[in-house]
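All remarks here apply to the structure that follows.
Every number for a ligand or one of its atoms is a count from 1 in the order of the listing.
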Amino acid sequence: MVFAVSVDNRTTICGLITSKPTNLSAAMHNAGYAHLGLNFAYIPFAVNDCGRAIAGMRALNIRGLSVSIPHKQEVMAHLDSIDPVAVKIGAVNTVVNDNGFLKGYNSDWLGATEALKEVCTLNNKKVVVFGAGGAARAIVYGLKQYDCAVTILNRTVEKARLLADEFGMAYGDSMAAVRDDYDIFINATSVGSADECPIDPEALRTGKIVMDIVTVPMETALLRCAKAKGCTAVPGWRMLLHQALPQFELFTGQKAPLKVMDEALLAAIRESE
Ligand code: ATR
C-alpha cells in the first residue's frame with residue numbers, strides 16, 4: 001500500500017528499523033496520522049546496522065522508531081535511558097527521541113495481553129507459551145501482570161527452564177507436560193506458516209483459546225486447526241495492532257485512533273497475501 005504522505009520542512013519523521021520491513025506498521029501509523037491531521041510521516045527502514053541507524057536517528061532528529069527483528073536487544077546499548085519494564089523484558093521495540101535524549105520502551109507485552117483481552121478475561125488464566133526467545137519473554141512478562149499460571153514449552157528445554165525460573169513459572173518440553181489443564185495456548189516462536197504447525201494440532205482441545213504471534217499469513221496452520229477443533233483463534237495481527245497503539249501515543253502524544261489503524265492494518269495484510 002502506498003500512502004500519499006505529504007512531507008515538508010516541518011514534518012515529524014518516525015519509522016521502523018528491521019532487517020526486512022513490511023508495509024504493515026507504516027500502514028497503521030500513517031493512517032493514524034492522516035486521521036488526526038498530524039504532520040507526521042512513518043517510514044519503514046531496512047536496517048542491518050542497528051548502532052548506525054540510532055546514530056542516524058539522532059543526527060536526523062527522527063522522533064520515534066519501532067524496532068523489530070533482529071535489533072530489539074542490541075538497540076538497548078545505544079540509548080540514553082530504558083524504561084524499567086523494557087529492562088525486565090530485556091528488549092526494546094520502541095525508541096522515543098526527546099530533543100536528542102533517546103529512551104527505549106517495550107510495548108510487545110501490551111500487544112499480547114490486549115489481543116487476548118479481546119476474547120477473554122485474562123486474570124488467573126492457565127497459559128501455555130511455546131517458545132523461550134525474545135517474543136516469549138515479553139508475553140510471559142505480560143501474563144505475569146495478570147497473575148496467569150504459565151507453563152513454558154521450548155525445543156531447547158534448558159531455555160524454557162531459565163525463563164520459567166526468572167518469572168516464577170513452570171516449564172516443560174511438550175504438550176504432554178500440561179495435558180488438558182490450560183485455558184490458552186500461545187505460539188511465541190516464528191515457526192508457523194500456512195502449512196507448518198509448531199505443535200501437533202491433535203494436542204489442541206475444544207473450547208481453548210489459541211494465539212499465534214505469526215502475522216502473515218493471517219490464518220496460520222495452527223489457527224486453522226484451532227478453529228476446526230472449536231477453539232477461539234487470536235491471530236498475530238491483533239498483537240501487532242495492540243503493540244503499535246502505545247507506540248503511536250509515545251511518538252505523537254495523542255490517543256491512537258484504534259479503529260482507523262485496525263482497518264489500515266487489515267487492508268495492508270490482505271494486500272500482502
Ligand atoms: P524471537 O525474538 O522472535 O522470540 P529468538 O529469540 O531467536 O526469536 O527465539 C526463537 C524461538 O523460536 C525459540 O524459542 C526457539 O527455540 P530454541 O530455543 O530451541 O532455539 C524457537 N524456534 C525456532 N525455530 C524452531 C523450530 N524449528 N522448532 C521449534 N522451535 C523453534
Practice problem: Report the residues that fulfil side-chain hydrogen bond (donor to acceptor under 3.5 Å, both in side chains) with D49, sequence neighbours left out, ordered by chain and then residue number. | Solution: none
Practice problem: Could you pull out every protein residue that has a heavy atom closer than 4.0 Å to ligand 1, ordered by chain and then number? | Solution: G131, A132, G133, G134, A135, N154, R155, T156, K159, T189, V191
Self-check item: Any residue meeting salt bridge (charged side-chain N to carboxylate O under 4.0 Å, His left out) with K255, in chain and number order, not counting sequence neighbours
Solution: none
Quiz item: So, S68 versus N93: side-chain donor-acceptor pair below 3.5 Å or not?
Solution: no
Quiz prompt | Qualifying residues under salt bridge (charged side-chain N to carboxylate O under 4.0 Å, His left out), relative to D181, sequence neighbours excluded | solution = K126
Quiz prompt | ring pair (Phe, Tyr, Trp, His ring centres under 6.0 Å), paired with W109, selected from Y146, F167, Y141 | solution = Y141
Quiz item: Does E114 come within less than 4.0 Å of R238, counting only side-chain N to carboxylate O?
Solution: no
